[in-house]
Amino acid sequence: MRPLFFVQNNFVERLTIPVARFSHARGVSVQDRSCSSGFDPLACGVDWSEHRPVLPYGSVQFMRKLKAAGPLSRYVHHEEVRFSAQAWQEQLPCMLNAQGWVVLVQDVASTLADAPAHVRPLQEDKAFTAALLSADQWQALAQERNLSPDLPCWVSPAKDIFSEWRLWLIGGAVVGASRYRHAGALALELGAPEDVRQLARAVAAAWLPALCVGMDVALTPQGLKVVEMNYRPPDACASRWRFPAS
């Protein structure tokens, strides 16, 4: 059995090229496919019985396709319900938007009638990008994205943010960190202050939605808060891996 990276190639520079370079340097097989509406991982010319493990790397939609494909489902560990904002609220009071509530798409506009608020999909389903929105902005977005009226959203009060960092965690350990926003503008800088790392480790000790996650941490007037967590497959930190001989 040989390990195989199975990569979504819609994101060439961000996914396909880095994984291909890593794989070729270590003699690991790699296959890439586009995640179109008709994509069927069981009909793309790969004999999956020849490979173990299969290491999928791609979008949420890509993972859904693989999870629905019998023999490949065991390699997908992304449980979307654990990335629900409501799940975070129940587990972690230090979440920035812990004071939010569930609102269906059809009712969001009326909820925003008095003041803008932060709106995101309830689960990490990428139906739309989370943002601070007014009622008019929300209606334009819902129409543009053709959102289902009964899609659950998470609406929470607006919060001030001074700086934001993204940290990568595997098994509760912080394996990487960088600042990406400061004073509302893009500000890329490797590393993160120790108190940001300490918060990430404390959260990891309390609860994480998955073994491998990306965690966004913000500095606010109320101190450090966790903004959100996203699933990160182990191959996001592939340089730490060791493969058996093929």
ask   = Is there a side-chain contact between V30 and F22, using heavy atoms and a 4.5 Å cut-off?
value = no
message = According to a hydrophobic-cluster definition based on side-chain heavy atoms being under 4.5 Å apart (Ile, Leu, Val, Met, Phe, Trp, Tyr only), do F5 and V12 belong together?
response = no
request  = Tell me whether the centres of the aromatic rings in W138 and F128 are closer together than 6.0 Å.
outcome  = yes
query = How long is the span from the CG atom in L122 to the CD atom in E80, to the nearest 0.5 Å?
reply = 11.0 Å
Test side-chain contact (heavy atoms from CB on, under 4.5 Å) applied to L55 and L4, step by step = CA-CA 6 Å; L55 308 167; L4 170 73; over 6 Å; no
task = Report yes or no: does N9 contribute a side-chain atom to a donor-acceptor pair with the main-chain N or O of S34 at less than 3.5 Å?
result = yes
ask   = At what distance, to the nearest 0.5 angstrom, does CE of M63 lie from CG of L72?
value = 11.0 Å
message = Going by the rule ring pair (Phe, Tyr, Trp, His ring centres under 6.0 Å), which residues pair with W165 if we only count those two or more places apart in sequence or in a different chain?
response = none
task = Taking all heavy atoms of T220 and all of D160, pick out the closest pair and write down the distance.
result = CB-O, 3.4 Å
inquiry  = List the residues meeting salt bridge (charged side-chain N to carboxylate O under 4.0 Å, His left out) with E50, not counting sequence neighbours, and say none if there are none.
reply    = R2
note = residues 104-113 vs salt bridge (charged side-chain N to carboxylate O under 4.0 Å, His left out), sequence neighbours excluded, gives none
query = For the hydrophobic clusters of this structure (ILVMFWY residues joined by side-chain heavy atoms under 4.5 Å, transitively), does one cluster hold both L112 and W101?
reply = yes
request  = Say whether Q99 and S156, considering side chains only, have a donor N or O and an acceptor N or O under 3.5 Å apart.
outcome  = no
request  = Output yes when a side-chain donor or acceptor of E164 lies under 3.5 Å from a complementary backbone atom of V217, and no otherwise.
outcome  = no
Verify same cluster id: W207, L167 (apolar side-chain graph, 4.5 Å) = yes
task = Please round to the nearest 0.5 Å and tell me the distance separating atom CG of L133 and atom CZ of R120.
result = 12.5 Å
Expected output: side-chain W88 to main-chain C94 donor-acceptor under 3.5 Å = no
task = Kindly write out the residues that satisfy salt bridge (charged side-chain N to carboxylate O under 4.0 Å, His left out) with E189, not counting sequence neighbours, or none if the list is empty.
result = R179
message = For a 4.5 angstrom cut-off between non-hydrogen side-chain atoms, does Q91 reach Q86?
response = no
inquiry  = In this structure, would L42 and V76 fall into the same cluster of hydrophobic residues linked by side-chain contacts under 4.5 Å?
reply    = yes
note = Joining Ile, Leu, Val, Met, Phe, Trp and Tyr whenever any side-chain heavy atoms lie under 4.5 Å apart, the cluster holding Y180 also takes in L186, L188
ask   = Looking at residues at least two apart in the chain, or sitting in another chain, which of them share a salt bridge (charged side-chain N to carboxylate O under 4.0 Å, His left out) with E194?
value = R201
message = Parallel, tilted or perpendicular: which one describes the rings of F6 and F62, with boundaries at 30° and 60°?
response = tilted
message = Run the side chain to side chain contact (heavy atoms under 4.5 Å, CB included) test against R74 and tell me which residues pass, sequence neighbours left out.
response = R52
message = For A98 versus P93, what's the shortest heavy-atom pair and its separation?
response = CB-O, 4.1 Å
key: hydrophobic_cluster_shared for W154 and L104, side chain cutoff 4.5 Å   = no
request  = Could you pull out the closest heavy-atom pair between A192 and A177, with the gap in Å?
outcome  = CB-CB, 3.8 Å
request  = List the steps and the verdict of side-chain contact (heavy atoms from CB on, under 4.5 Å) for V119 and V108.
outcome  = CA-CA 8 Å; V119 187; V108 170; 4.3 Å; yes
request  = Could you list all the salt bridge (charged side-chain N to carboxylate O under 4.0 Å, His left out) pairs where at least one residue sits in residues 132-159, not counting sequence neighbours?
outcome  = none
query = Looking only at heavy atoms, which two atoms of R33 and F39 are closest? And how far apart?
reply = CB-CE1, 3.7 Å
task = Check S37 against K65 and note the closest heavy-atom contact, atom names and distance.
result = O-NZ, 3.1 Å
query = Taking only residues two or more places apart in sequence or in another chain, which ones pass ring pair (Phe, Tyr, Trp, His ring centres under 6.0 Å) with F11?
reply = none
inquiry  = Any non-hydrogen side-chain atom of P157 less than 4.5 Å from a side-chain atom of H118?
reply    = no
query = In Å and rounded to the nearest 0.5 Å, what is the OG to CZ distance from S163 to R181?
reply = 10.5 Å
ask   = Within a strict 4.5 Å, meaning less than it, do heavy atoms of the V105 and C153 side chains meet?
value = yes
inquiry  = Can you tell me how far apart CD (Q8) and CG (L15) are? Round to the nearest 0.5 Å.
reply    = 7.0 Å
message = Restricting to side-chain hydrogen bond (donor to acceptor under 3.5 Å, both in side chains), what partner residues turn up for Q137, sequence neighbours left out?
response = S134
task = Output, in order, the C-alpha distance, side-chain angles, deciding distance and verdict of side-chain contact (heavy atoms from CB on, under 4.5 Å) for L169 and V175.
result = CA-CA 6 Å; L169 292 92; V175 299; over 6 Å; no
ask   = With no hydrogens and no angle check, is any side-chain donor or acceptor of S23 less than 3.5 Å from a backbone partner on V19?
value = yes
request  = Using atom types as modelled and distance alone, determine if a side-chain donor or acceptor of R82 lies under 3.5 Å from a backbone N or O of P209.
outcome  = yes
query = Under a single-linkage rule joining Ile, Leu, Val, Met, Phe, Trp and Tyr whose side-chain heavy atoms are separated by less than 4.5 Å, which residues share a cluster with L96?
reply = I161, V227
remark   = In short, salt bridge (charged side-chain N to carboxylate O under 4.0 Å, His left out) pairs touching residues 209-226 with sequence neighbours left out are R166-D216
request  = State the CG-CG distance between L141 and N146, to the nearest 0.5 angstrom.
outcome  = 11.5 Å
key: Shortest non-hydrogen contact from L66 toward P56   = CD2-CB, 3.3 Å
